[in-house]
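All values below were derived from every heavy atom in this structure, side-chain atoms included, with hydrogens, water molecules and symmetry-related copies excluded. Fair warning: this is a prediction, and the values are worked out from it, not measured in the lab. Numbering of ligands and ligand atoms starts at 1, following listing order.
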Amino acid sequence: MGIIQSIKEQGMNKLQVISDFDMTLSRFGCNGRRCPTSHNILDNSRVVSEDGKKELKDLLHYYYPIEIDPERTLEEKCPLMVEWWSRAHDLLAQQKILKGDIAQIVSESDVMLRDGFNELFDQLHKYSVPLFIFSAGVGDILEEIIRQANVFHPNVNVVSNYMDFDDNGVLKCFKGPLIHTYNKNHTVLQGTEYFQQLSTRTSIILLGDSMGDLTMADGVPSVENILKIGFLNDKVEERRGKYLDAYDIVLESDETLDVVNGILRYVLTET
Ligand code: TMP
Ligand code: MG
């Protein structure tokens with residue numbers, strides 16, 4: 001394929017990887033059961049009351065079908081996503097969640113990174129290729145997941161929704177700007193210098209599982225080659241056409257990072 005060849009020819013010093021987290025680096029399912037998103041990890045944990053759990057589940061059942069509905073436009077979805085995230089964050093902020101409990105909440109959860117995550121993170125670290133994780137999930141949770149997996153290397157940068165704790169370490173709210181599925185673009189990156197520092201990294205491998213992930217590289221000033229790899233996890237038949245139009249490679253029912261690792265191995269090794 002032309003793009004992969006160009007990325008290889010440009011070399012590893014020109015490459016960066018931009019990835020979504022939930023259901024892209026983490027698994028969608030295991031043995032027929034759904035795996036949790038970073039939000040779900042909190043929702044399902046012992047620190048959220050039974051009433052809180054029910055309300056958060058009701059929100060998920062109402063808004064998630066809207067999030068993945070191929071018939072609705074972005075204009076329709078955006079305000080509804082802001083509504084979902086705001087309501088979920090308000091509910092979580094009422095639960096007196098302690099910063100000191102996050103590590104245990106994560107270690108007791110059912111979260112799983114996709115098979116092959118070690119090779120992905122370790123290869124990128126070995127060749128000093130920046131990995132930018134751009135997530136509409138919860139930053140504190142996803143950072144803890146990759147820390148506990150021993151892959152939070154110095155080449156990893158995260159932009160996400162972070163919790164704001166008071167002086168006693170109790171969650172009081174989330175810091176802005178709010179990142180939801182469909183505003184993952186330059187508008188929420190304005191306060192961050194990350195892309196400016198990386199303006200020479202003009203080859204991009206983008207990993208996502210949502211149509212909203214396609215704009216994650218918009219803030220990079222002068223993209224020369226971009227390879228978009230999409231995990232199509234849910235509503236496969238209904239969404240296949242749109243995914244094939246938008247992504248260069250579409251992976252169905254694949255809980256591994258094998259394809260990504262194979263491409264990286266080819267791009268990063270000298271031949
Ligand atoms: P992302 O994978 O694009 O970063 O988006 C995060 C996912 O989190 C998205 O698919 C919706 C999901 N989500 C929950 O599971 N529970 C919630 O309360 C919210 C607000 C989002
Ligand atoms: Mg995702």
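In summary, Glu224 and Lys14 do not engage in a salt bridge, as defined by a charged side-chain N under 4.0 Å from a carboxylate O. Between Lys184 and Asp213 there is a salt bridge, since a side-chain N of the basic residue sits under 4.0 Å from a carboxylate O of the acidic one. Under a 4.0 Å N-O distance rule, the pair Lys126/Asp122 does not qualify as a salt bridge. In summary, Arg87 and Glu55 do not engage in a salt bridge, as defined by a charged side-chain N under 4.0 Å from a carboxylate O.
Scanning all protein heavy atoms for the shortest distance to atom 6 (C) of ligand 1 gives Asp22 OD2, 3.7 Å. Residue, atom and distance of the protein heavy atom nearest to atom 3 (O) of ligand 1 are Lys184 NZ, 3.0 Å. Among all protein heavy atoms, the one lying closest to atom 4 (O) of ligand 1 is Ala136 N, 2.7 Å. Taking atom 20 (C) of ligand 1 as the reference point, the nearest protein heavy-atom neighbour is Trp85 CD2, 3.4 Å. The nearest protein atom to atom 2 (O) of ligand 1, hydrogens excluded, is given as Asp20 OD1, 2.9 Å; this is a heavy-atom distance. His39 CB, 3.3 Å is the protein heavy atom nearest to atom 16 (N) of ligand 1.
Using a 4.5 Å heavy-atom cutoff, the side chains of Ile249 and Ile263 are in contact. Looking only at side-chain heavy atoms (C-beta outward), Ile146 and Ile133 come within less than 4.5 Å of each other.
Near Thr37, the atoms of ligand 1 lying under 4.0 angstrom from a non-hydrogen atom of the residue are 14 (C), 15 (O).
Heavy atoms of Ser210 stay at 4.0 angstrom or farther from ligand 1. Distances from ligand 1 to the non-hydrogen atoms of Met23 include no value under 4.0 Å. Contact analysis leaves Leu56 out of contact with ligand 1, as no non-hydrogen atom separation drops below 4.0 angstrom. Phe21 does not count as a contact of ligand 1, since none of its heavy atoms falls under 4.0 Å from the ligand. Gly212 does not count as a contact of ligand 1, since none of its heavy atoms falls under 4.0 Å from the ligand.
Side chains of Tyr266 and Gln5: a donor-acceptor N/O pair is present below 3.5 angstrom, by distance only.
Proximity of Ile179 to ligand 1, defined as any heavy-atom pair under 4.0 Å, is not found for any part of the residue. Neither the backbone nor the side chain of His89 comes within contact range of ligand 1; no heavy atom lies under 4.0 Å. Neither the backbone nor the side chain of His180 has a heavy atom within less than 4.0 Å of ligand 1.
Within a 6.0 Å radius of OH in Tyr62, other residues, nucleotides and ligands contribute 12 heavy atoms or fewer.
Considering the Mg ion (ligand 2) as centre, the angle to O of Asp22 and to OD1 of Asp209 is 100° (10° rounding).
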side-chain contact (heavy atoms from CB on, under 4.5 Å) evaluation trace for Thr269 with Tyr127: CA-CA 10 Å; Thr269 50; Tyr127 292 101; 4.3 Å; yes

Tyr194 and Phe132: CA distance, side-chain angles, deciding distance, ring pair (Phe, Tyr, Trp, His ring centres under 6.0 Å) verdict: CA-CA 9 Å; Tyr194 182 73; Phe132 173 56; 4.7 Å; yes

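Of the N or O atoms in Asp43, none lie within a sub-3.5 Å distance of an N or O in ligand 1.
Between Tyr63 and Met81, the shortest heavy-atom contact is O-CE, 3.9 Å.
Under 2.8 Å from the Mg ion (ligand 2) lies an N/O/S atom of Asp20, whether from backbone or side chain.
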